[in-house]
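Please read the structure below before turning to the comments.
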Protein chains: 2
Amino acid sequence: MTNELTKLIQASEMLKAIAHPIRLAIVQLLENDKRMSVTAIHETLNIEQAVASHHLSILKNKGVLSVDREGKHCFYFLKHQRLAEIVVCVNKCQE
Amino acid sequence: MTNELTKLIQASEMLKAIAHPIRLAIVQLLENDKRMSVTAIHETLNIEQAVASHHLSILKNKGVLSVDREGKHCFYFLKHQRLAEIVVCVNKCQE
DNA sequence: TATAAATATCTATATATGTTAATACGATAT
DNA sequence: ATATCGTATTAACATATATAGATATTTATA
């Protein structure tokens, strides 16, 4: 497998992680260096706790988010602030 | 269904369209206002014609690409140049 | 009109992803 | 220690997507 192909696959994996309504909403929520707990996210977005946790773990595994645990709480945040730009960009492209 | 949710779904559909190695490669190929025929694309990327055509139609249907037919040839191009920025952005985010 | 070139579509199979609900785990406080 | 809160995992099922090969459609030209 060529290097170029590997890069394409990795990039598409990351995009695929973001390409979901709930996960897109999560990324938007975490713009500007915000950090939020699972509870805060599931309450803000009005989704089940298990659903939030599930999508957060997908975003974490695909390198979109990172976590810090503080006691009972897990605070998620964007690994690369730049990723929020993707959301802005794709929003501008909707006619 | 709320307006916000509809926007999220549309945005994620567009991202999902791009989130595939071959389709990402196609978008990269069409940066800077380039226009390419199906044949040129499948030869450049070393993929079957049917595969190229298939992915091009996905990108067209999801609003990523447009087509102009000129005689026998169909020339595809980015509907929003801005979309190429997404590729640049996601590439920069790979550690 | 017959043929070739360019592109699109279809079918079938495999694989991946999403959804929901239930349950388990880990940390804290009582 | 046990009850509770916050979070993660699992299982079961439905749906969507990818892949490959064969074939159809459209257009141009001999």
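Side chains are part of it too, since the values below use all heavy atoms of this structure and drop only hydrogens, waters and symmetry mates. Proteins get letters first, then strands, A, B, ... in listed order; numbering begins at 1 in each.
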Would you check, one step at a time, whether the test side chain to side chain contact (heavy atoms under 4.5 Å, CB included) holds for B/Tyr76 with B/Ser66?
CA-CA 6 Å; B/Tyr76 282 87; B/Ser66 294; over 6 Å; no
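What separates CD of B/Glu48 from P of C/dA6 is a distance of 15 Å, to the nearest Å. Atom NZ in B/Lys72 sits about 5 Å away from atom P in C/dA6, given to the nearest Å. Distance, A/Ile47 CD1 to C/dT19 P: 10 Å, rounded to whole Å. B/Glu70 has its CD atom 11 Å from the P atom of C/dT7, to the nearest Å. In this structure, B/Asp68 atom CG and C/dT7 atom P are separated by 13 Å, rounded to whole Å. Summarising the geometry, the separation between NZ on B/Lys60 and P on C/dA8 is reported as 6 Å, rounded to the nearest angstrom.
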Identify each donor-acceptor pair in which a side-chain atom of residues 36-52 of chain B lies under 3.5 Å from a protein atom, sequence neighbours left out, and give them as a table.
{"residue": "B/Ser37", "atom": "OG", "partner": "B/Ala40", "partner atom": "N", "Å": "3.1"}
{"residue": "B/Thr44", "atom": "OG1", "partner": "B/Ala40", "partner atom": "O", "Å": "2.6"}

Side-chain donor-acceptor distances from residues 17-28 of chain B under 3.5 Å, at least two apart:
{"residue": "B/His20", "atom": "ND1", "partner": "B/Ile22", "partner atom": "N", "Å": "3.1"}
{"residue": "B/Arg23", "atom": "NE", "partner": "B/Ala17", "partner atom": "O", "Å": "2.5"}
{"residue": "B/Arg23", "atom": "NH1", "partner": "B/His55", "partner atom": "ND1", "Å": "3.0"}

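Residue A/Ala52 is out of contact with every strand shown, counting any heavy-atom pair closer than 4.0 Å. Within 4.0 Å (heavy atoms only), A/Phe75 reaches no atom of the nucleic acid at all.
Under 4.0 angstrom from either OP1 or OP2 of C/dA6 there lies no side-chain N or O belonging to B/Tyr76. Contact check, B/Ser53 against C/dT7: no side-chain N or O comes under 4.0 Å of OP1 or OP2.
Counting distance only, with no hydrogens placed and no angle test, the side-chain atoms of B/Gln49 and the base atoms of C/dA6 include no donor-acceptor pair under 3.5 Å.
Listed here is the closest heavy atom pair of B/Cys89 and A/Arg82: SG-O, 3.4 Å.
Side-chain atoms of B/Asp33 and B/Gln81, non-hydrogen and from C-beta on, do get closer than 4.5 Å to each other.
The main-chain N or O of B/Gly71 is found under 3.5 Å from a side-chain atom of B/Arg69 such that the two form a donor-acceptor pair.
Ion pairing between A/Glu70 and A/Arg35 holds under the 4.0 Å rule for side-chain N and carboxylate O.
For DNA chain C, none of the residues of residues 28-39 of chain A falls under the heavy-atom distance limit of 4.0 Å.
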So which protein nitrogen or oxygen atoms get under 3.5 Å of nucleotides 14-18 of chain C's nitrogens or oxygens?
{"residue": "C/dG18", "atom": "OP1", "partner": "A/Arg23", "partner atom": "NH2", "Å": "3.1"}

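Hydrophobic clustering (ILVMFWY, side-chain heavy atoms < 4.5 Å, transitive): A/Phe75 and A/Leu78 are in distinct clusters. Both B/Leu29 and B/Leu65 are members of a single hydrophobic cluster when ILVMFWY side chains are connected at heavy-atom separations under 4.5 Å. Linking Ile, Leu, Val, Met, Phe, Trp and Tyr residues whenever their side-chain heavy atoms come within less than 4.5 Å leaves A/Ile58 and B/Leu15 in two separate clusters.
Among residues two or more places apart in sequence or in another chain, the salt bridge (Lys or Arg N to Asp or Glu O under 4.0 Å) test is passed with B/Glu4 by none.
If you walk DNA chain D from 5' to 3' and mark each nucleotide with an atom closer than 4.0 Å to a heavy atom of chain B, the marks span D/dT17 to D/dA28.
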